[in-house]
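Okay, so here's the structure we're looking at.
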Amino acid sequence: MKLLITGGAGFIGSAVVRLAIAQGHSVVNVDALTYAACLENVAAVGNSPRYVFEKADIRDRAAMDRILAVHDPDAVMHLAAESHVDRSIDGPGTFIETNITGTFTLLEAARAHWMGKGRPDGFRFHHISTDEVFGSLGPTGKFTEDTPYDPRSPYSASKAASDHLVRAWHETYGLPVVLTNCSNNYGPFHFPEKLIPVVILNAMAGKAIPVYGKGENVRDWLFVEDHADALLTVLTKGRPGRSYNIGGENEARNIDLVRTICRLMDEMHPQGAPHDRLITFVADRPGHDLRYAIDPSRMREELGWRPSVTLEEGLRRTVRWYLENEAWWRPLLARQGVGERLGVKA
Ligand SMILES: NC(=O)c1ccc[n+]([C@@H]2O[C@H](COP(=O)([O-])OP(=O)(O)OC[C@H]3O[C@@H](n4cnc5c(N)ncnc54)[C@H](O)[C@@H]3O)[C@@H](O)[C@H]2O)c1
């Protein structure tokens, strides 16, 4: 298939681009190259004759029309977004513009393209979203595809709005969409403002490892390469109009996750051990959701997909990758806001 992938220079988008090329698809990577982007993430496929990069903003309708007309993709996989919850607390405006208005603009461009081709049934608009749209769970229970939306941060509210738009474009215009809502991702090429890379890099530097609140928030961690595989599975086998929850089957409290990374650092980077002495509890994020957990039954039963990487194995691979790829992460530490405590102004 020829795939138009938005946000392909970001963390998850780049994993999808690399896997799609490896599986034999053609890829048009559309990315505005914001602070969160890194073209090195897709350097491995840069020379492939099946790969093209287009620097463009999803809010730019003329650019989206041109790119769709020139490349004529069979499917759009939409990952471009503002993605950092703490940044959404300090500056929600760009989240509204990119995640809501940008998705609307892309949907309209995709709809016009699809109608112009005679509304082919096989076309897909795959919207990639988050489990954060479902709000916060107590100590038990899991999110299913039928869980009511209850977003609680500007980030999750903007993603929830975009999910509603995508469903409406299916119901109203018949656009063949699929949606996915996934749990927290981690792995190689994760931008160094997110929890897991912060823990690894601070441990390496002998700096305090910040843990929000008491570290009791629970997330269901999904290895990014498993996620990319799940996304291509949904794209090719998922039913139009349907959404799929993708989880890692790896629930962990933040404090336990951080201690596991410290233990792996003790083993793989013994300088400065024990690294858990660096753990420092800091003021919690405003509106910090307590627990997210995915019920993965639909992915398993309808599409035969389940994650392949355990949390221990995925963290081991991630720690090793950061230890071996300083040339990738070091320059990113100089980008605006990285290494600062964000999202405490509320
Ligand atoms: N990271 C997670 O754990 C996670 C979990 C669930 C869902 N998601 C969703 O997956 C998608 C990808 O997340 P990520 O972590 O890879 O994000 P990321 O921040 O690493 O990458 C986002 C990419 O989108 C691009 N982008 C931003 N605004 C743009 C615009 N207006 N036009 C074109 N490109 C633009 C950026 O340049 C960047 O390359 C997002 O939609 C996010 O909501 C992420």
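Both counts, for ligands and for their atoms, begin at 1 and track the order of listing.
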Does some non-hydrogen atom of [X] fall short of 4.0 Å from ligand 1?
X    : answer
L79  : yes
Y186 : no
G102 : no
A56  : yes
S183 : yes

Would [X] count as being in polar contact with ligand 1, using the rule that some N or O on each side must be under 3.5 angstrom apart?
X    : answer
I58  : yes
S129 : no
T98  : yes
F11  : yes
S83  : yes
D57  : yes
I12  : yes
K159 : yes
T130 : no
V30  : no

>> Please verify the inter-ring angle class for F143 with F134; under 30° counts as parallel, over 60° as perpendicular, anything in between as tilted.
In response: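 The arrangement is tilted - the two ring planes meet at 30° to 60°.
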
> Using 30° and 60° as the class limits, which term best fits the ring planes of W321 and W328: parallel, tilted or perpendicular?
Replying inline: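 Taking W328 first and then W321, their aromatic rings stand perpendicular (interplane angle over 60°).
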
> Would one find more than 12 heavy atoms of other residues, nucleotides or ligands at under 6.0 Å from atom NZ of K117?
Replying inline: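 Atom NZ in K117 is packed in, count exceeds 12.
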
> When you measure from atom 6 (C) of ligand 1 to every protein heavy atom, which one gives the shortest distance, and what is it?
Replying inline: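 Answer, as residue, atom name and distance: C182 SG, 3.0 Å.
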
> For atom 36 (C) of ligand 1, what's the nearest protein heavy atom and its distance?
Replying inline: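 Here the nearest protein heavy atom works out to T34 OG1, 3.2 Å.
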
Within a distance under 4.0 Å of any heavy atom of [X], pick out the atoms of ligand 1 and give their elements.
X   : value
R59 : 31 (N)
A81 : 22 (C), 24 (O), 27 (C), 40 (C), 41 (O)
A36 : 19 (O)

Any salt bridge between [X] and [Y], counting N to O under 4.0 Å?
X    : Y    : value
K159 : D163 : no
R242 : E302 : yes
R219 : E251 : no
R263 : D276 : no
R87  : E193 : yes
R316 : E312 : yes
D256 : R253 : yes

> Does Y173 have R119 sitting over its ring (NZ/CZ under 6.0 Å from centre, angle to axis within 45°)?
Replying inline: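 Verdict for Y173: no cation-pi partner in R119.
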
>> Please check this pair: side chain of R291 against backbone of G141, looking for a donor-acceptor N/O pair closer than 3.5 Å.
In response: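 Such a contact is found between R291 side chain and G141 backbone.
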
